[in-house]
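For reference, the structure discussed in these notes is given below.
FYI, side chains are in, hydrogens and waters are out, and symmetry mates aren't considered; it's all heavy atoms of this structure.
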Amino acid sequence: MTRRVLIAGNWKMNMLRAEGEALASALAKDFAVGAGADMLVCPPATLIAPVAAVLNGGAISVGGQDCHMNESGAHTGDVAAAMIKDLGGSHVIVGHSERRADHGESDATVKAKAEAALAAGLVPIVCVGETEAERDAGKAEAVVEAQIRGSLPAGATETGVVIAYEPVWAIGTGRTPTIDDIAAMHAHMRKVAGSMLGSAGALLLLYGGSVKPGNAAEILALEDVDGALVGGASLKAEDFLAIAAAA
Ligand SMILES: O=C(CO)COP(=O)(O)O
């Protein structure tokens with residue numbers, strides 16, 4: 001089964017409009033349709049519309065970083081999946097470890113958000129990953145398996161959802177698991193997801209956590225790694241384009 005590589009940028013809570021537009025336009029200028037990978041940027045909610053306007057339906061897609069589990073209503077400050085879709089979004093990240101930690105999101109919350117995304121016609125990118133203490137205790141695969149079992153949306157198909165493995169201790173630290181550990185985790189994830197979805201040969205599994213131009217080629221060459229979810233290095237056009245070129 002061939003899977004098209006997806007290089008996704010999570011801009012997190014960074015950039016004002018002028019910077020976001022400049023970054024999107026630098027990416028659009030140098031990223032070609034038909035390149036070896038698909039490219040997605042997930043700006044803060046305030047920048048989805050201006051970034052979508054710059055990208056103008058071209059080769060690079062735009063998405064959100066989070067959505068509410070409800071369709072609409074009295075949820076001050078929250079953003080509904082349909083609102084992201086309405087601005088031209090195709091994907092939404094759910095269950096990022098920063099949301100799980102800063103906002104106390106449980107697997108059940110993440111699952112409900114992913115289901116809201118599906119209902120709105122978005123592809124949820126469901127994030128999972130162990131802490132350093134969990135890895136040191138030899139529990140990394142068990143933790144990630146439990147997160148997948150608890151967070152994958154009901155009714156998902158293998159092409160309608162993406163899973164991102166982001167070890168918490170690798171985010172923004174410059175540290176990554178060994179290449180063998182990434183390979184083993186992704187193989188395990190595909191097996192677990194396959195048991196839930198019926199099959200997972202077409203499911204995209206992204207790796208995230210300190211992906212840089214210097215390590216992208218080695219990580220992306222792994223059989224069960226179908227792309228990357230990039231934080232810091234997605235804020236520099238040159239670095240993000242280099243990661244996409246490594247795919
Ligand atoms: O959290 C991440 C992407 O969602 C990874 O962040 P870094 O690439 O900055 O480590």
>> Regarding Arg135 and Asp181, does a basic nitrogen lie under 4.0 Å from an acidic carboxylate oxygen?
In response: yes
#### Entry: ILVMFWY cluster, Ile163 and Leu222 together (side-chain gap under 4.5 Å)
yes
- prompt: Under 4.5 Å between side-chain heavy atoms, hopping through other hydrophobics if needed: is there a path connecting Val51 to Val79?
  reply: yes
request  = Go through the steps for Asp38 and Ser61 under the test side chain to side chain contact (heavy atoms under 4.5 Å, CB included), then give the verdict.
outcome  = CA-CA 8 Å; Asp38 290 328; Ser61 308; over 6 Å; no
Taken to the nearest 0.5 Å, the spacing of Leu27 CG from Phe240 CZ works out to 6.5 Å
**Prompt:** Any side-chain donor-acceptor pair under 3.5 Å between Arg100 and Ser151?
**Reply:** yes
Next on the checklist: Regarding Lys212 and Asp239, does a basic nitrogen lie under 4.0 Å from an acidic carboxylate oxygen?
Outcome noted: no
- For the residue pair Tyr165 and His186, categorise the inter-ring angle as parallel (less than 30°), tilted (30 to 60°) or perpendicular (more than 60°). perpendicular
- Which is it for Leu6 and Leu206 under the side chain to side chain contact (heavy atoms under 4.5 Å, CB included) test, yes or no, and what are the steps along the way? CA-CA 8 Å; Leu6 175 64; Leu206 311 185; 4.2 Å; yes
Taking Gly174's backbone N and O only, do any of them form a donor-acceptor pair with Ser210's side chain (distance below 3.5 Å, no angle check)? yes
**Prompt:** Less than 4.5 Å apart, any side-chain heavy atom of Met196 and any of Arg149?
**Reply:** yes
The reported gap from CG in Leu23 to CG in Leu235 (rounded to nearest 0.5 angstrom) is 7.0 Å
The reported gap from CE in Met15 to CD in Glu21 (rounded to nearest 0.5 angstrom) is 11.0 Å
Close side-chain approach of Ile243 and Val211, heavy atoms under 4.5 Å:
yes
Next item on the list: Answer yes or no: is there a donor N or O on one side and an acceptor on the other, between the side chain of Arg17 and the main chain of Pro50, under 3.5 Å?
Entry: no
Is a side-chain N or O of Asn56 found less than 3.5 angstrom from the main chain of Gly58, in a donor-acceptor match? no
If you group Ile, Leu, Val, Met, Phe, Trp and Tyr by side-chain heavy-atom gaps below 4.5 Å, do Val126 and Ile148 land in one group?
yes
Worksheet item: Got a salt bridge between Asp226 and Arg4, using NZ or NE/NH1/NH2 to carboxylate O under 4.0 Å?
Response: no
- [ ] Output, in order, the C-alpha distance, side-chain angles, deciding distance and verdict of side chain to side chain donor-acceptor pair (under 3.5 Å) for His188 and Glu145.
- [x] CA-CA 8 Å; His188 187 61; Glu145 173 165 350; 2.8 Å; yes
key: Under 3.5 Å: donor-acceptor pair, side chain of Glu115, backbone of Ala154   = yes
Above 12 or not: heavy atoms from other molecules or residues under 6.0 Å from CD of Glu19? yes
Say whether, by atom type as modelled, one donor and one acceptor occur between the side chain of Gln65 and the main chain of Lys12 under 3.5 angstrom.
-> yes
Closest heavy-atom pair, Trp11 versus Ser234, reported as atoms and distance to 0.1 Å, is CD1-OG, 3.5 Å
Residues Ala117 and Val92: closest non-hydrogen pair is CB-CG1, 3.5 Å
Q | Connected via hydrophobic side-chain network under 4.5 Å: Val41 and Val54 | A | no
Interatomic distance, OH@Tyr207 vs OG1@Thr176, rounded to 0.5 Å, equals 5.0 Å
According to a hydrophobic-cluster definition based on side-chain heavy atoms being under 4.5 Å apart (Ile, Leu, Val, Met, Phe, Trp, Tyr only), do Leu40 and Val230 belong together?
no
inquiry  = Donor-acceptor pair, distance only, cut-off 3.5 Å: does the side chain of Glu166 make one with the backbone of His96?
reply    = no
Could you give me the CA-CA distance, side-chain angles and deciding distance for Ile7 and Leu220, then say whether side chain to side chain contact (heavy atoms under 4.5 Å, CB included) is met?
CA-CA 10 Å; Ile7 304 298; Leu220 292 168; 4.0 Å; yes
Exercise. Step by step, work out the side chain to side chain contact (heavy atoms under 4.5 Å, CB included) result for His91 and Leu122.
Key: CA-CA 5 Å; His91 293 67; Leu122 295 175; over 6 Å; no
Exercise for review: Evaluate the side-chain proximity of Pro124 to Leu118: yes if any heavy-atom separation is below 4.5 Å, no if none is.
Suggested key: yes
key: salt_bridge(Glu132, Arg175) N-O dist < 4.0 Å   = yes
Here the gap from Ser90 atom OG to Ile84 atom CD1, rounded to the nearest 0.5 Å, amounts to 10.5 Å
**Request:** In sequence, state the C-alpha distance, the side-chain angles, and the governing distance for Lys139 and Glu134, and then conclude on salt bridge (Lys or Arg N to Asp or Glu O under 4.0 Å).
**Result:** CA-CA 5 Å; Lys139 294 182 185 153; Glu134 288 163 343; over 6 Å; no
Original post:
Are any non-hydrogen side-chain atoms of Leu152 and Leu197 less than 4.5 angstrom apart?
Top reply: yes
Gly129 and Val168 have their tightest heavy-atom pair at O-CG2, 3.9 Å
Heavy atoms of Val161 and Ala156 approach each other most closely as CG1-CB, 4.0 Å
On a heavy-atom basis, the closest approach of Ala82 and Ala120 is N-CB, 3.7 Å
(message) I'd like to check Met83 versus Leu87 (side-chain heavy atoms, cut-off strictly below 4.5 Å). Are they in contact?
(response) no
In terms of heavy-atom contacts, Ala114 and Val94 come closest through CB-CG2, 4.0 Å
Charged N to carboxylate O below 4.0 Å: is that the case for Arg99 and Glu105? yes
> Are side-chain N/O atoms of His75 and Asn70 paired as donor and acceptor at under 3.5 Å?
Replying inline: yes
So does Val144 get a backbone contact from the side chain of Glu130, meaning a donor-acceptor N/O pair under 3.5 Å?
no
CD1 of Ile60 to OG of Ser25, rounded to nearest 0.5 Å, is 9.5 Å
